[in-house]
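Heads up: the structure comes next, in structure tokens.
Per chain, numbering begins at 1; letters A, B, ... match sequence-line order. Computed from a prediction, not measured in an experiment: that's the story for all the values here.
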2 protein chains.
Amino acid sequence: MKYLHYMSGSTMPPTRALDGLLALSALMTTDIQRFEREHGLTTARVHLLWQLGAAGPSTQRDLAEALRVTPRNVTGLVDGLVGSGHVTREPHPGDRRATQVTLTAAGSRFVTELQRSHQDLADRLFGDLPEDRLVAFVAVLDETLERFAGLMGETGEQEGTAS
Amino acid sequence: MKYLHYMSGSTMPPTRALDGLLALSALMTTDIQRFEREHGLTTARVHLLWQLGAAGPSTQRDLAEALRVTPRNVTGLVDGLVGSGHVTREPHPGDRRATQVTLTAAGSRFVTELQRSHQDLADRLFGDLPEDRLVAFVAVLDETLERFAGLMGETGEQEGTAS
DNA sequence: TATTGTTATACTCTATAACTATA
DNA sequence: TATAGTTATAGAGTATAACAATA
């Protein structure tokens with residue numbers, strides 16, 4: 001996420017909202033990536049681990065769809081994660097074409113730690129805000145997310161709305 | 001930006017704020033990248049163009065520092081942008097070791113269009129919000145950005161706060 | 001001696017296309 | 001014939017290290 005450069009210094013509220021949002025999100029992303037690198041993992045691989053934690057053991061095909069990435073790409077990511085001991089690759093019971101990817105104990109532990117670090121970051125950033133302001137903030141986020149879905153619908157692009 | 005997967009479904013306000021923020025920012029990033037690809041450019045190259053638009057003609061050394069990237073990396077990005085006609089590479093007047101990178105007319109035009117598309121997106125997303133809610137939203141963003149800078153100070157990391 | 005940018009090398013993420021094994 | 005995953009190939013972004021030209 002390299003969008004800090006979009007800080008345009010404009011004073012129009014909508015533009016300031018967008019700039020602030022991108023800037024804050026860039027800083028959070030940096031923080032999250034620091035955590036990832038401390039564990040010797042890349043964002044793409046962590047994404048796969050996260051998905052695996054949410055969906056349970058999956059075929060590479062399923063992972064490719066969930067991650068919106070080619071099957072070939074998943075092969076590489078799983079290769080790396082098998083090497084680092086975060087997942088196992090086993091024959092799929094019931095379909096001998098497919099392989100089943102499963103979190104190891106270390107993989108599960110990482111996902112749990114990531115969740116905790118995520119919550120911790122949220123608390124550090126938003127934990128001190130008065131409840132009513134935080135609720136109003138979340139409301140704007142939610143409404144804007146919906147508006148975005150609407151805009152994408154108009155434009156024809158539907159991707160990215162789910163999950 | 002592949003952080004949609006951090007949507008944890010938690011109902012705690014701080015976590016919901018962080019999730020919503022990352023999700024919205026991911027959608028905006030997708031939109032911005034669509035614009036970039038329509039122009040046959042990548043995020044890294046656009047970042048360089050943007051920097052060049054903000055700082056004016058620069059040496060590759062300056063660009064490397066501004067983009068927080070190695071000089072070698074800048075060589076590659078500039079190579080591509082010279083090839084696509086967005087920048088020129090000329091001998092630096094006064095330091096024969098250095099080269100000066102400058103936006104072409106096409107490069108400037110792109111930066112202007114990017115700015116406009118940026119503003120347009122902001123208006124589509126936030127333009128309909130009542131002024132007071134938008135101001136409150138921006139206030140939370142600003143305070144959180146400051147809090148983040150403070151946290152980074154504690155942790156020792158200072159990067160990313162500027163610009 | 002220090003700095004600017006390059007060549008050399010390498011790793012990761014990403015994609016398409018062709019191919020194998022299985023359904 | 002269609003699907004799951006692989007090998008082959010390619011391109012972009014990123015990094016370090018060694019080196020040439022200049023300061």
Side-chain angles (χ1 to χ4, degrees), chain A residues 1-3 5 29-30 33-34 36-37 39-51 57-84 86-102 159, chain B residues 1-5 26 29-30 33-34 36-37 39-51 57-84 86-102 159:
Chain A
M1 238 299 259
K2 280 293 182 61
Y3 284 97
H5 55 293
T29 300
T30 299
Q33 287 180 342
R34 185 181 47 69
E36 293 172 351
R37 294 219 194 88
H39 289 257
L41 288 167
T42 62
T43 298
R45 291 178 190 182
V46 170
H47 193 175
L48 195 152
L49 291 180
W50 187 269
Q51 170 63 26
S58 312
T59 65
Q60 296 191 186
R61 171 77 188 176
D62 290 341
L63 291 172
E65 278 176 16
L67 272 50
R68 296 174 194 278
V69 122
T70 61
R72 177 60 184 92
N73 202 337
V74 171
T75 299
L77 297 175
V78 171
D79 282 351
L81 288 166
V82 168
S84 59
H86 290 90
V87 306
T88 59
R89 200 193 241 129
E90 288 162 5
H92 188 281
D95 187 341
R96 280 189 300 174
R97 293 172 304 178
T99 65
Q100 193 171 40
V101 183
T102 309
E159 313 287 325
Chain B
M1 236 300 259
K2 281 291 183 61
Y3 283 97
L4 265 179
H5 54 294
T29 300
T30 298
Q33 288 181 341
R34 185 180 47 67
E36 293 171 351
R37 295 218 194 89
H39 289 256
L41 288 167
T42 61
T43 298
R45 292 179 191 184
V46 169
H47 193 175
L48 195 151
L49 291 179
W50 186 269
Q51 170 63 26
S58 313
T59 64
Q60 297 191 184
R61 170 76 187 177
D62 290 341
L63 291 171
E65 277 175 17
L67 270 52
R68 297 171 194 279
V69 123
T70 61
R72 177 61 186 92
N73 201 337
V74 171
T75 299
L77 297 175
V78 171
D79 283 351
L81 289 166
V82 168
S84 59
H86 290 89
V87 306
T88 60
R89 198 194 243 127
E90 287 162 7
H92 188 281
D95 188 342
R96 280 188 299 174
R97 292 172 304 180
T99 65
Q100 193 171 40
V101 184
T102 309
E159 313 288 324

- request: Scan B:R45 against the nucleic acid and name what it touches under 4.0 Å (heavy atoms): base, sugar-phosphate only, or nothing.
  value: sugar-phosphate
Between CD of A:Q33 and C1' of C:dC13 the distance, given in whole Å, is 13 Å
- Query: Judged by modelled atom types alone, do B:E90 and B:T102 share a side-chain donor-acceptor pair under 3.5 Å?
  - Reply: no
Test side chain to side chain contact (heavy atoms under 4.5 Å, CB included), reference B:V101, set B:Q51, B:Q60, B:H92, output is B:Q60
**Message:** We want to know whether B:T59 and B:D62 form a side-chain donor-acceptor pair, criterion being a heavy-atom distance below 3.5 angstrom.
**Reply:** yes
From the candidates C:dT14, C:dT6, D:dT6, the one with an atom nearest any side-chain atom of A:L77 is C:dT14
note: B:D95, atom CG; C:dA2, atom P; distance rounded to Å ~ 17 Å
To the nearest angstrom, the CG-P distance between B:L63 and C:dG5 comes to 9 Å
B:N73 atom CG is separated from C:dT9 atom P, nearest whole Å, by 19 Å
Of all heavy-atom pairs linking B:L49 and B:H86, the shortest is CD2-CB, 3.9 Å
Taken to the nearest whole Å, CZ/B:R61 to P/D:dT22 is 19 Å
Judged by nearest nucleotide, the residue sitting upstream toward the 5' end of DNA chain C, B:T59 or A:R96, is B:T59
### Task
Determine: side-chain N/O of B:T75 to OP1/OP2 of C:dG5, distance under 4.0 Å, yes or no.
no
Here the distance between atom C1' of D:dA8 and atom CZ of A:R72, to the nearest Å, is 9 Å
Closest of C:dT7, C:dT6, C:dC13 to the A:T42 side chain is C:dC13
Result for 5'-nearest mapping on DNA chain D, choosing between A:R97 and A:R89, is A:R97
Closest to the 5' end of DNA chain C, once A:T70 and A:G94 are matched to their nearest nucleotides, is A:T70
Here the distance between atom C1' of C:dG5 and atom CD of B:Q60, to the nearest Å, is 6 Å
To the nearest angstrom, the CZ-C1' distance between B:R68 and D:dA15 comes to 17 Å
*Under 4.5 Å between any side-chain heavy atoms of B:V74 and B:E65, yes or no?*
no
